[in-house]
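By convention in this document, chain letters (A, B, ...) are assigned in the order of the sequence lines, proteins followed by strands, and residues within each chain are numbered from 1. These numbers were taken from a predicted model, which means no experiment stands behind them.
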2 protein chains.
Amino acid sequence: MAGVQAPSPDLAGEITGQLLDIGYALRQRLDAEVARLGLTPATARALSELDPDRPSPARDLALQLDCDRSNVTPLVDRLEEAGLVERRVDPEDRRVKTLVVTEAGRRMQARLHRVLAECGAILGDLDEAELRVLRDALAKVAIPQ
Amino acid sequence: MAGVQAPSPDLAGEITGQLLDIGYALRQRLDAEVARLGLTPATARALSELDPDRPSPARDLALQLDCDRSNVTPLVDRLEEAGLVERRVDPEDRRVKTLVVTEAGRRMQARLHRVLAECGAILGDLDEAELRVLRDALAKVAIPQ
DNA sequence: TATTGTTATACTCTATAACTATA
DNA sequence: TATAGTTATAGAGTATAACAATA
């Protein structure tokens with residue numbers, strides 16, 4: 001629209017809009033798949049954050065999810081009801097409850113990972129080279145913590 | 001990690017993860033800015049969808065937001081309370097309520113648009129050429145409706 | 001009968017504050 | 001007193017079902 005060589009001041013805004021739209025669409029699709037696995041978006045995200053090989057306190061999960069500790073309680077409640085996670089009192093500090101991913105939890109994590117890759121189908125119109133360009137460009141986007 | 005020339009089967013999944021993370025971070029930042037303008041994320045999105053030059057039925061807004069009509073009612077309630085939108089009964093079909101963006105609504109839309117561009121600051125590490133590459137790659141991503 | 005907008009209701013997500021049990 | 005987890009509560013967002021007014 002503006003001059004061809006002019007540095008388009010709105011380019012960043014345009015890309016921001018694209019990223020928001022795509023992120024939204026991706027989220028929609030992912031949430032639908034996750035629901036078919038019997039999980040809500042938030043519980044799926046919580047389970048994805050847990051390292052099956054390194055049980056950690058609920059407090060750490062709150063940090064990873066960037067939310068209040070009080071929110072973690074109902075999330076872990078549901079994961080525990082579903083048999084995907086176990087709460088264990090830490091013998092060294094009985095205030096702490098360690099979150100352990102069960103075998104069923106590991107299998108669900110694998111399923112979630114697969115779903116994520118499948119949702120990448122919206123990238124279907126890009127060939128291998130274009131995908132690499134896109135990945136490298138996205139890697140340069142500074143994500144504020 | 002795999003062979004250099006091998007078509008990485010996980011590339012799409014990796015990019016999907018990047019897009020989700022960036023989309024989430026963008027959303028967080030945007031929501032915070034929007035809150036400073038006195039709007040919730042959903043009302044801001046609703047206002048952004050409205051064309052100030054083409055008043056349309058509430059039903060159309062539900063379609064644009066891809067949500068149920070019943071959700072539109074409280075959103076428009078708040079936009080109307082804030083003086084940003086007006087409901088007008090359509091004389092040609094008295095069932096329909098047309099949503100009109102007020103002058104204050106137009107100014108808020110402009111502010112929202114500016115906020116979107118400012119959130120593009122997370123793209124700061126990319127130069128003009130890289131931004132163009134990114135934009136063109138994102139344009140090829142097929143957004144499912 | 002069908003459609004527009006609304007109301008009623010429910011569930012999820014997230015935030016703050018107060019509580020308990022440990023330390 | 002400080003911290004980990006919980007409970008209570010509230011607001012926002014979104015879904016379904018039922019309703020009134022209108023077509």
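- The minimum heavy-atom distance between B/D90 and B/T98, with the atom names listed, is CB-OG1, 3.9 Å.
- Residues B/R29 and B/A121 come closest through the heavy atom pair NH1-CB, 4.2 Å.
- C/dT4 atom C1' lies 12 Å from atom CZ of B/R87, rounded to whole Å.
- Atoms CG (B/D60) and C1' (C/dG5) sit 13 Å apart, rounded to a whole Å.
- Regarding A/L39, its CG atom lies at a distance of 13 Å from the C1' atom of C/dT12, rounded to whole Å.
- Looking only at distances, no side-chain donor or acceptor of B/E49 sits under 3.5 Å from a matching main-chain atom of B/A46.
- For the atom pair CZ (A/R45) and CG (B/L20), the distance works out to 10.5 Å, reported to the nearest 0.5 Å.
- Following rounding to the nearest Å, A/R59 (CZ) and D/dT3 (C1') show an atom-to-atom distance of 8 Å.
- Among residues at least two apart or in separate chains, side-chain hydrogen bond (donor to acceptor under 3.5 Å, both in side chains) pairs with a member in residues 73-87 of chain B are B/D77-B/R87, B/E80-B/R87, B/E86-B/R88.
- A heavy atom lying under 4.0 Å from DNA chain C marks the following residues of residues 90-100 of chain A, by number: A/D93, A/R94, A/R95.
- Taking each heavy atom of A/A42 and A/L75 in turn, the nearest pair found is CB-CD2, 3.7 Å.
- Residues B/V100 and B/P55 come closest through the heavy atom pair CG2-CB, 4.0 Å.
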Assign a letter to each nucleotide of nucleotides 7-15 of chain D from its 5' end: B, base within under 4.0 Å of a protein heavy atom; S, sugar-phosphate only; -, no contact.
-> B----SSBB
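- Separating the CG atom of B/L65 from the P atom of C/dG5 is a distance of 13 Å, rounded to the nearest angstrom.
- With respect to the salt-bridge test (charged N to carboxylate O, under 4.0 angstrom), the residues B/R106 and B/D53 qualify.
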